[in-house]
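Hydrogens, waters and symmetry mates are skipped; everything else that's a heavy atom, side chains included, is used. Numbers restart at 1 for each chain; the letters A, B, ... are given by sequence-line order, proteins then strands. Quantities reported herein were computed from a predicted structural model and do not represent experimental measurements.
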There are 2 protein chains.
Amino acid sequence: MAEAGERMTAPRRRVLSLLLETGEPVKAYDLIARFGEDGQAAKPPTVYRALEFLERLGMAHRIASISAYVACSGSAANGSAPHAAAFLICDCCGATREIAGPDQGSIDAAAAGAGYVIARTTIEAHGLCLACREAG
Amino acid sequence: MAEAGERMTAPRRRVLSLLLETGEPVKAYDLIARFGEDGQAAKPPTVYRALEFLERLGMAHRIASISAYVACSGSAANGSAPHAAAFLICDCCGATREIAGPDQGSIDAAAAGAGYVIARTTIEAHGLCLACREAG
DNA sequence: CTCGTGATGTTATCTCATAACACACCATCA
DNA sequence: TGATGGTGTGTTATGAGATAACATCACGAG
């Protein structure tokens, strides 16, 4: 997966660790604030560059509709290629679940009909989770 | 579609008009800059509020991955309900096509399995359009 | 006419993200 | 072993995207 010469360095590992600890989508500036083990914040480019790296390797995803980042819960975390991501996002409490994307093939087919070749697809489904519906 | 008491007022009409004129995704601050017929810019909340209204009625979509807005090219422009949106986005030239989303039912089913009820789904597929592939 | 809801105008500020440059690390190959 | 080139990091500064809060206005219902 990684291009030759790419390394899992300390800041990248640190950002991945923060994403994994959290388990839910995290804002970039939350990562920046929590970056230093000693409570020291990082500079924004440090974290954004790590996020770009992790996303490129399929170990993290950006959820654009809420401007947040999350560790990949699928097979990519184990070293497979970057993959299509699909998320269920609760608009009430923010709880987010990554699910299997529905039929990447149909998107590719529709794209081919329009002349496009697709590299990455993100599906973001907003609604309410069970707990928030029950809470009214 | 519209809630009782909601009106298509002048600023909303103006923003929709700008979106329709453009035909491609437009940045919010481009709308702000072009808002006045006389070249006067609008204040950000004017345009953001109009965009929120248009999106709520299914007449426009936000494409979060590129922070842009586009008039809906589907049936919603004619007055149907807000609908799932799917976009093909060229990472090279920015050309964007709205396509029929693949099987909203399968997303709803997957969401139900996780306890979620989905209100809005956006699919954003990034890749290259035909022209950009041919251009190398 | 008056009241309530929805819409607008305005100021200020907040959050998100990247450009640009200098320097450090590390494998490799002469 | 030391020159080299790609990759990564640190730092400063700034650009871009979006919203909070509050005052005022427009309009339809009663």
Side-chain angles (χ1 to χ4, degrees), chain A residues 1-19 22 25-38 40-57 59-70 89 91 94 122 124 126, chain B residues 1-19 22 25-38 40-57 59-70 89 91 94 122 124 126:
Chain A
M1 51 168 179
E3 299 295 322
E6 296 200 317
R7 291 162 295 171
M8 176 57 86
T9 56
R12 291 166 174 178
R13 197 182 310 277
R14 175 61 178 154
V15 168
L16 177 58
S17 169
L18 288 169
L19 288 175
T22 308
V26 197
K27 300 282 195 174
Y29 272 68
D30 286 346
L31 296 171
I32 288 166
R34 294 163 51 201
F35 183 85
E37 311 271 359
D38 52 357
Q40 290 291 302
K43 304 292 172 63
T46 300
V47 166
Y48 279 106
R49 289 195 282 226
L51 288 169
E52 186 207 17
F53 171 84
L54 294 171
E55 194 171 4
R56 187 151 37 82
L57 265 63
M59 305 176 77
H61 295 293
R62 172 167 138 87
I63 307 180
S65 63
I66 56 174
S67 294
Y69 301 83
V70 67
I89 303 153
D91 288 329
T122 303
E124 301 180 21
H126 284 260
Chain B
M1 50 170 180
E3 299 295 322
E6 295 199 319
R7 291 162 293 169
M8 176 57 85
T9 57
R12 291 166 174 180
R13 196 182 309 275
R14 175 62 177 155
V15 169
L16 177 58
S17 168
L18 287 169
L19 290 176
T22 308
V26 196
K27 300 282 195 173
Y29 271 69
D30 287 346
L31 296 171
I32 288 165
R34 293 162 53 201
F35 183 86
E37 310 269 2
D38 52 357
Q40 290 290 302
K43 305 291 173 60
T46 300
V47 165
Y48 279 106
R49 290 195 283 226
L51 287 169
E52 185 208 17
F53 171 85
L54 294 170
E55 195 172 5
R56 187 152 36 85
L57 265 64
M59 305 175 78
H61 296 294
R62 172 167 138 87
I63 307 180
S65 63
I66 57 173
S67 294
Y69 301 83
V70 67
I89 303 153
D91 288 328
T122 302
E124 302 179 21
H126 285 259

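Rounded to whole Å, atom P of dG9(C) lies 13 Å from atom CZ of Arg14(B). Atom C1' of nucleotide dG4(C) and atom CD of Glu6(B) are separated by 16 Å, given to the nearest angstrom. Spacing between atom CG of Leu31(A) and atom P of dA17(C) amounts to 11 Å, rounded to whole angstrom units. Atom CD in Glu52(B) sits roughly 14 Å away from atom C1' in dT8(C) (whole-Å rounding). Nucleotide dT18(C) holds its P atom 10 Å from the CD atom of Glu55(A), rounded to whole Å. Distance, Phe35(A) CZ to dT9(D) P: 9 Å, rounded to whole Å. The nearest whole Å value for the distance from the CZ atom in Arg62(B) to the C1' atom in dG17(D) is 9 Å. Here the P atom of nucleotide dT7(D) and the CE atom of Met8(A) are 17 Å apart, to the nearest Å.
Contact annotation: Lys27(A) reaches the phosphate of dC16(C) (side-chain N/O to OP1 or OP2, under 4.0 Å). OP1 or OP2 of dT9(D) has not a single side-chain nitrogen or oxygen of Lys43(A) nearer than 4.0 Å.
Checked by atom type and distance alone, the side chain of Lys27(A) pairs as donor or acceptor with a backbone atom of Ile66(A) at under 3.5 Å. A distance-only check finds a donor-acceptor pair linking the side chain of Arg12(A) to the backbone of Arg7(A) [under 3.5 Å]. Glu124(A) places a side-chain N or O within donor-acceptor distance of the main-chain N or O of Ala64(A), the cut-off being under 3.5 Å.
Heavy atoms of Pro45(B) sit under 4.0 angstrom from at least one base atom. Within 4.0 Å (heavy atoms only), Arg12(A) reaches sugar-phosphate atoms of the nucleic acid but no base atom.
For Thr9(A), the side-chain atoms get nearest to dG8(D) when compared with the rest of dG8(D), dA7(C), dG10(D). Which of dT19(D), dT9(D), dT11(D) sits closest to the side chain of Tyr48(B) comes down to dT19(D).
If you check the side chains of His126(A) and Ser65(A), you find a donor sitting under 3.5 Å from an acceptor. Residues Arg62(A) and Ser67(A) bring no donor and acceptor atom of their side chains to less than 3.5 Å of each other.
Nearer the 5' end of DNA chain D, as judged by each residue's closest nucleotide, is the contact made by Arg49(A), out of Pro44(A) and Arg49(A). Across the interface with DNA chain C, nearest-nucleotide mapping of Ser67(A) and Tyr29(B) shows Tyr29(B) to be the residue nearer the 5′ end.
Counting atom types as modelled, Arg7(A) pairs no side-chain N or O with a base atom of dG6(D) as donor and acceptor under 3.5 Å.
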